[in-house]
Amino acid sequence: MPTSSASTTDSARSSANGGVQSLERAFDLLERMADAGGEVGLSELSASSGLPLPTIHRLMRTLVACGYVRQQTNRRYALGPRLIRLGESASRLLGTWARPYLARLVEETGETANMALLDGDEIVYVAQVPSKHSMRMFTEVGRRVLPHSTGVGKALLAGFPPEEVRALLSRTGMPAATEKTITTPDGFLAALEDVRRQGYAIDDNEQEIGVRCLAVPVPDSPTAAAISISGPAGRVTEAATDKIVPVLQQVAGELSEALASQSPA
């Protein structure tokens, strides 16, 4: 794998926490690129990171050589295709790490528990632990749905600026999955305001008639993630909601801490 001149400078120095400075800087640049929509110029990276242009150029040259970044014809830099494989593997592991927490949700609520991510403009389910009831909800892991008709979609998009939500809805459209599905941007933004006020999201027969879902975001998740429970509307009632939501919020917080924890070197 090619190396750059940074290997004799930045990578030889350790950071204050014992890591390798050039690696920390390279990953910081990748995250800044993702936050900027996946494509940036060197001057933008320099302004946001505070690093000098020569340092950024060396790091980006190495990332390009490794396939994690591509240089566009306009001389801007874009996230590269090798990151896709890493992301897919990490998503699968994220679901694996979440399963014990979802199992706790099932034990405490009695309903099927799910974890979902926002992938582009779609919701993708990455983990599920089914209810022990004979009548239970089942969503195939890997299934993709549009966010406007799901509790997890609302929970995730509640943290986005309204203009970004409107742009997403414009790209996906808002087809009705049931007669209860919200099909207007204004109606959906009003629902997101309810999510922010209440601290949880509801899918009330909007994805499937007879099914209610309660969802909360996973705070400070490395990628936008939410957990939920789903069950028959006859069991996931208003009274049940008052008992289930605190459990969802507690488990989401504990999962967030587990994802953020770092193993000792």
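Everything numeric in this text was worked out from a predicted model, so none of it was measured.
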Under 4.5 Å between any side-chain heavy atoms of Leu189 and Arg166, yes or no?
yes

Within this structure, what is the CE-OH distance for the pair Met115 and Tyr125, rounded to the nearest 0.5 Å?
13.0 Å

Check whether any side-chain heavy atom of Tyr200 lies under 4.5 Å from a side-chain heavy atom of Ile244, and answer yes or no.
no

Just wondering, do Thr150 and Cys213 contact through their side chains at under 4.5 Å, heavy atoms?
no

Are Glu44 and Arg76 ion-paired here, with the side-chain N under 4.0 Å from a carboxylate O?
yes

Between the main-chain N or O of Ala240 and the side-chain N or O of Thr237, is there a donor-acceptor pair closer than 3.5 Å?
yes

Heavy-atom pair with the smallest gap, counting every atom of Pro219 and Pro217
CD-O, 3.4 Å

Going by heavy atoms in the side chains, are Pro185 and His148 under 4.5 Å from each other?
no

Just by distance, do the side chain of Ser131 and the backbone of Gly110 share a donor-acceptor pair under 3.5 Å?
yes

Any carboxylate oxygen within less than 4.0 angstrom of a Lys/Arg side-chain nitrogen, looking at Asp28 and Arg25?
no

Do other residues, nucleotides or ligands put more than 12 heavy atoms under 6.0 Å from Gln72 CD?
yes

Quick one: CG on Leu53 to CE on Met60, what's the gap to the nearest 0.5 Å?
11.5 Å

Taking the side chain as every heavy atom from C-beta outward, state whether Gln198 and Thr241 have any pair of such atoms under 4.5 Å apart.
no

Nearest-0.5 Å distance that lies between atom CG in Leu248 and atom CG in Leu255:
11.5 Å

Judged by atom type as modelled, is there a donor-acceptor pair below 3.5 Å linking the side chain of Thr178 to the main-chain atoms of Asn205?
yes

Within the 4.5 Å heavy-atom criterion, are Arg70 and Pro81 side-chain neighbours or not?
yes

One should read off an interatomic distance between Arg32 CZ and Leu51 CG, to the nearest 0.5 angstrom, of 8.0 Å

Taking atom CG of Leu169 and atom CG of Leu146, what is their separation to the nearest 0.5 Å?
9.5 Å

Considering residues, nucleotides and ligands other than Arg196, do more than 12 of their heavy atoms fall under 6.0 Å from its CZ?
yes

What I'd like to find out is whether the side chain of Tyr68 reaches to under 4.5 Å of the side chain of Thr62, using heavy atoms alone.
no

Does Arg104 pair with Glu107 as a salt bridge, N-O distance under 4.0 Å?
no

Is a side-chain donor or acceptor of Thr109 paired with a backbone partner of Glu111 at a separation under 3.5 angstrom?
yes

Say you draw a straight line from CG of Leu42 to OG1 of Thr55; how long is it, rounded to the nearest 0.5 Å?
11.5 Å

Apply side chain to side chain donor-acceptor pair (under 3.5 Å) to Ser149 and Gln207, showing your working.
CA-CA 5 Å; Ser149 61; Gln207 180 67 28; 2.5 Å; yes

For residues Leu105 and Leu102, determine if any side-chain heavy atom of one lies less than 4.5 Å from a side-chain heavy atom of the other.
yes

In terms of side-chain geometry, is the basic nitrogen of Arg212 or Glu238 positioned less than 4.0 Å from the acidic oxygen of its partner?
yes

